[in-house]
Every structure is written in structure tokens, then in C-alpha cells.
2 protein chains.
Amino acid sequence: MVEQDSPQLDSVFHALSDNTRRRMLRDLADGERTVGQLAEPFAMSLAAASKHIKVLESAGLIRREVRGRTHLCRLDPGPLSNAQRWLTFYEAFWTDRLSVLDRLLRESPLPAPPTTDKDADP
Amino acid sequence: MVEQDSPQLDSVFHALSDNTRRRMLRDLADGERTVGQLAEPFAMSLAAASKHIKVLESAGLIRREVRGRTHLCRLDPGPLSNAQRWLTFYEAFWTDRLSVLDRLLRESPLPAPPTTDKDADP
DNA sequence: CACACATTCAACCAATTGGTTGACAGTCAC
DNA sequence: GTGACTGTCAACCAATTGGTTGAATGTGTG
């Protein structure tokens with residue numbers, strides 16, 4: 001299995017480990033937002049929100065465009081696809097059981113086990 | 001969109017934000033392991049590895065069964081499916097563009113925008 | 001040009017994280 | 001029953017995280 005960028009996964013999953021940041025991504029899914037707009041729904045200082053935005057930016061999940069005094073932010077979902085791919089490896093473990101059960105009920109042959117590379121994140 | 005368990009997503013993504021823990025999950029994908037076996041590949045103390053295992057356990061990603069003096073650990077992938085589902089919401093953002101581009105090239109109609117609930121993680 | 005706006009920065013703080021070491025607890029083997 | 005094994009716990013430490021406040025910076029407006 002292709003080795004994935006571990007530091008990127010570190011920062012992406014870290015960025016996603018906070019509800020505030022996930023909600024910010026959710027807002028951005030509806031379109032671009034300024035820093036102030038992203039901060040508005042949260043009961044925290046603008047500086048704190050700005051820190052969260054910086055974490056998202058550092059993880060490569062958003063991009064900002066400075067227009068005058070406003071910073072416009074947009075989703076940059078590429079790194080999420082890497083996280084998704086990492087998780088997809090494990091999908092077999094919560095769906096295969098159902099498949100196995102389903103096939104056992106129908107007397108179908110069991111699926112072959114997946115082949116994987118060693119010494120690397122999936 | 002169904003509101004997802006935010007504290008669980010917090011802990012699951014947090015657990016995944018560390019390469020050591022991801023590699024432990026990877027090892028467990030190959031079958032059950034003892035705590036000592038999980039710790040073995042890492043250049044850290046057994047106590048440190050034990051802490052990582054506890055983080056995975058607290059996030060609900062693994063279960064342990066104590067047999068005598070050995071603790072056997074297994075994947076418990078259910079919470080990963082929640083993380084996957086959260087990420088799947090954003091899949092549209094890295095695939096839809098390609099779809100849009102693809103369809104534009106073929107003069108196909110554009111896809112309808114997804115409908116979402118407000119005030120909740122996707 | 002002065003003031004307002006948008007946002008970041010720096011310093012601070014408390015809490016958390018991730019590692020260490022040595023002690024401890026439960027179990028197993030001889 | 002004693003020593004070994006497996007693994008956790010507690011205390012410690014340094015670094016990081018996530019929040020605050022007030023200051024600073026760059027830009028826009030009247």
C-alpha cells in the first residue's frame with residue numbers, strides 16, 4: 001500500500017480533533033467566509049478563532065486570500081482525501097463482518113483477505 | 001444530516017493524529033496483539049506505548065481482553081466509520097470539481113447541490 | 001487625515017500531551 | 001513460595017495546546 005504522508009496526516013487529524021475547527025470547515029462547505037464570519041458563531045475571542053483558522057491553514061485544509069483588510073477563507077479539501085483514503089483501509093473491518101454474515105447466510109464463499117504493505121501507515 | 005457525536009469525533013481524530021497510534025492500528029489490522037507486541041516496534045518505553053494504547057482504547061478504537069498477565073488488543077473499528085462518514089461529507093469537494101469538469105467537457109447537466117442540516121457537524 | 005475596521009501578534013496562563021523512570025500489582029513458571 | 005513476566009501507575013518534565021487581553025499592523029472610509 002502506498003505510504004502516506006505521515007506529518008500531513010498528523011496535522012490533518014489534529015486539525016479535525018477539535019469541534020470548533022470542524023464546524024469552521026462545515027461553514028466553509030457553504031462557501032467562502034471571512035475570518036470574522038468564521039469566528040462569529042463561537043463564544044471565544046477573535047484571536048482564539050484566528051488561532052484555530054491558522055491550524056486549519058497549516059494542515060492545508062483551507063486557503064486564505066487577503067483582500068484589503070479582510071481575509072477570505074476557502075476549503076482546500078485535498079488533504080481530507082488523504083485522511084479519507086487512510087480510513088478507507090479500515091472500512092473492510094466494519095463492513096466485512098456484515099459481508100461475511102451476509103454471505104454466510106447465503107452460503108457464499110468468503111472474501112479473500114486484503115493484501116497490504118508492511119512498515120507503513122495504510 | 002444526522003448530528004454526529006462530537007466528543008467521539010474529538011477523541012477519534014485525536015487518537016489518529018499521532019503516527020505511533022496509527023501504526024498500532026495498522027498492526028492490529030493484521031490481527032490481535034498483546035501490549036508488548038504493539039509496543040515492540042517503537043523506540044519508547046513500555047509505559048509510553050501503554051499510554052498510546054490507552055488513548056486508542058479511550059477513543060473506542062480498540063478493545064482489550066486481559067488473559068492472565070497478558071492484555072490482548074483488537075481493533076474495534078466502529079468509531080472509525082463515524083470518522084469516515086464525517087469525511088465523506090467533504091468528498092463532494094474534491095470529487096465534485098472533477099465531476100463538474102468532466103461533465104462540462106461532455107455538456108452534461110450539473111449535479112444538484114447537497115442538502116445539509118445547519119448548526120451541526122456534517 | 002483621522003478614525004474605524006479586520007485581523008494578527010505577543011505575552012500570559014492553565015490544562016493537556018507525550019515522554020521518562022522507578023515502583024507497584026497481578027499472573028505464571030519452576 | 002520465589003522469581004520472572006506483563007503491564008500499569010505515579011510523579012516528574014518539557015513541549016504543546018487553547019484560551020485570554022492588550023497592542024500592533026494594514027486597509028478602508030468619511
Side-chain angles (χ1 to χ4, degrees), chain A residues 6-28 31-76 121, chain B residues 6-28 31-76 121:
Chain A
S6 174
Q8 192 196 51
L9 286 175
D10 285 0
S11 62
V12 167
F13 283 127
H14 169 69
L16 298 180
S17 68
D18 183 272
N19 190 43
T20 297
R21 294 195 286 272
R22 293 197 301 273
R23 284 170 63 192
M24 285 178 170
L25 290 177
R26 182 62 192 85
D27 286 344
L28 287 167
E32 67 185 23
R33 296 284 188 272
T34 67
V35 166
Q37 287 171 326
L38 281 176
E40 199 178 340
F42 303 103
M44 67 173 65
S45 68
L46 183 58
S50 184
K51 280 190 173 186
H52 282 296
I53 290 164
K54 208 154 200 100
V55 172
L56 291 171
E57 190 176 19
S58 297
L61 298 178
I62 67 173
R63 287 181 182 280
R64 81 170 72 203
E65 180 190 343
V66 181
R67 289 185 188 170
R69 64 191 179 192
T70 69
H71 294 215
L72 272 175
C73 305
R74 294 184 177 86
L75 263 184
D76 196 352
D121 256 339
Chain B
S6 174
Q8 193 198 49
L9 284 176
D10 285 0
S11 62
V12 167
F13 283 129
H14 171 69
L16 298 180
S17 69
D18 183 272
N19 190 44
T20 298
R21 296 195 286 271
R22 292 197 301 272
R23 283 171 62 192
M24 285 177 170
L25 290 177
R26 181 63 191 82
D27 286 344
L28 287 166
E32 68 186 22
R33 297 283 187 272
T34 68
V35 167
Q37 287 171 326
L38 281 177
E40 199 179 339
F42 304 103
M44 66 174 65
S45 67
L46 183 58
S50 184
K51 280 189 173 186
H52 282 296
I53 291 165
K54 207 154 202 103
V55 171
L56 291 171
E57 190 176 20
S58 297
L61 298 178
I62 66 173
R63 284 181 184 281
R64 79 170 75 203
E65 177 191 345
V66 181
R67 287 185 189 168
R69 64 193 173 190
T70 70
H71 294 217
L72 272 176
C73 305
R74 295 185 177 85
L75 263 184
D76 196 352
D121 256 337

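A quick note: this is a predicted structure, and the numbers were derived from the prediction, not measured. Quick note on labels: first sequence line is chain A, next is B, and so on, each numbered from 1.
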Visitor: Within the pair B:Ser45 and C:dT20, is there a side-chain N or O less than 4.0 Å away from OP1 or OP2?
Guide: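 Yes, B:Ser45 has a side-chain N/O under 4.0 Å of OP1/OP2 on C:dT20.
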
Visitor: If each of A:Val66 and B:Ala47 is mapped to the nucleotide of DNA chain D with the nearest heavy atom, which maps nearer the 5' terminus, i.e. the 5' end?
Guide: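 Looking at DNA chain D, the more 5' nearest nucleotide goes with B:Ala47.
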
Visitor: Would you kindly give the CD-to-C1' distance between B:Glu40 and D:dT6, to the nearest whole Å?
Guide: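 Computing the B:Glu40:CD to D:dT6:C1' distance gives 13 Å.
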
Visitor: So which heavy atom on A:Leu46 is nearest to which on A:Gly36, and how close?
Guide: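 That would be CD1-CA, 4.5 Å.
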
Visitor: Within less than 4.0 Å of OP1 or OP2 of D:dC9, is there a side-chain N or O belonging to B:Lys54?
Guide: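 Yes, within the criterion.
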
Visitor: Tell me yes or no: between the side chains of A:Arg22 and B:Ser6, is some donor less than 3.5 Å from an acceptor?
Guide: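 A:Arg22 vs B:Ser6: donor-acceptor pair found between side chains.
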
Visitor: On the nucleotide D:dT29, are OP1 or OP2 found under 4.0 Å from the side-chain N or O atoms that A:Arg69 carries?
Guide: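 Checking D:dT29 against A:Arg69, no side-chain N or O comes under 4.0 Å of OP1 or OP2.
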
Visitor: Counting only side-chain nitrogens and oxygens, does B:His71 get under 4.0 Å of the OP1 or OP2 atom of C:dA25?
Guide: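 Answer no for this pair, as no side-chain N or O of B:His71 is under 4.0 Å from OP1 or OP2.
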
Visitor: Checking the side chain of B:Arg74 only, and the main-chain atoms of B:Glu65 only, is there a donor and an acceptor separated by less than 3.5 Å?
Guide: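 Not a single qualifying donor-acceptor pair exists.
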
Visitor: Please state whether the phosphate of D:dT8, meaning OP1 or OP2, lies under 4.0 angstrom from any side-chain nitrogen or oxygen of B:Arg64.
Guide: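 It does, given that an N or O in the side chain of B:Arg64 lies less than 4.0 Å from OP1 or OP2 of D:dT8.
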
Visitor: Mind calculating the distance between NZ (A:Lys51) and C1' (D:dT20) to the nearest angstrom?
Guide: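 Those two atoms, NZ and C1', are 9 Å apart.
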
Visitor: Grab the CG-P distance between A:Asn19 and D:dT17 for me, whole Å please.
Guide: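 Between P of D:dT17 and CG of A:Asn19: 18 Å.
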
Visitor: Rounded to the Å, how far apart are B:Arg21 CZ and C:dT17 C1'?
Guide: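 Distance check: B:Arg21 CZ to C:dT17 C1' gives 9 Å.
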
Visitor: Can you find a pair of side-chain heavy atoms, one from A:Met24 and one from A:Ile62, that are under 4.5 Å apart?
Guide: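 Side-chain contact under 4.5 Å: no.
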
Visitor: Rounded to whole Å, how long is the line connecting atom CE of A:Met44 with atom C1' of D:dT17?
Guide: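 Result: 12 Å.
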
Visitor: Quickly work out the B:Leu46 CG to C:dT20 C1' distance and round it to whole Å.
Guide: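 Taking CG of B:Leu46 and C1' of C:dT20, I get 13 Å after rounding.
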
Visitor: Taking atom CG of A:Leu38 and atom CG of A:Asp27, what is their separation to the nearest 0.5 Å?
Guide: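 The distance works out to 6.5 Å.
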
Visitor: To the nearest Å, give me how far apart CZ (B:Phe42) and C1' (D:dG7) are.
Guide: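 Answer to the nearest Å: 17 Å.
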
Visitor: For B:Thr20, report the nucleic acid contact type (base, sugar-phosphate, nothing); a contact means any heavy atom under 4.0 Å.
Guide: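 If one applies the 4.0 Å heavy-atom cut-off, B:Thr20 turns out to touch nothing in the nucleic acid.
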
Visitor: Rounding to an integer number of Å, can you tell me how far A:His14 NE2 sits from C:dT16 C1'?
Guide: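 Atom-to-atom, A:His14 to C:dT16, this comes out as 11 Å.
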
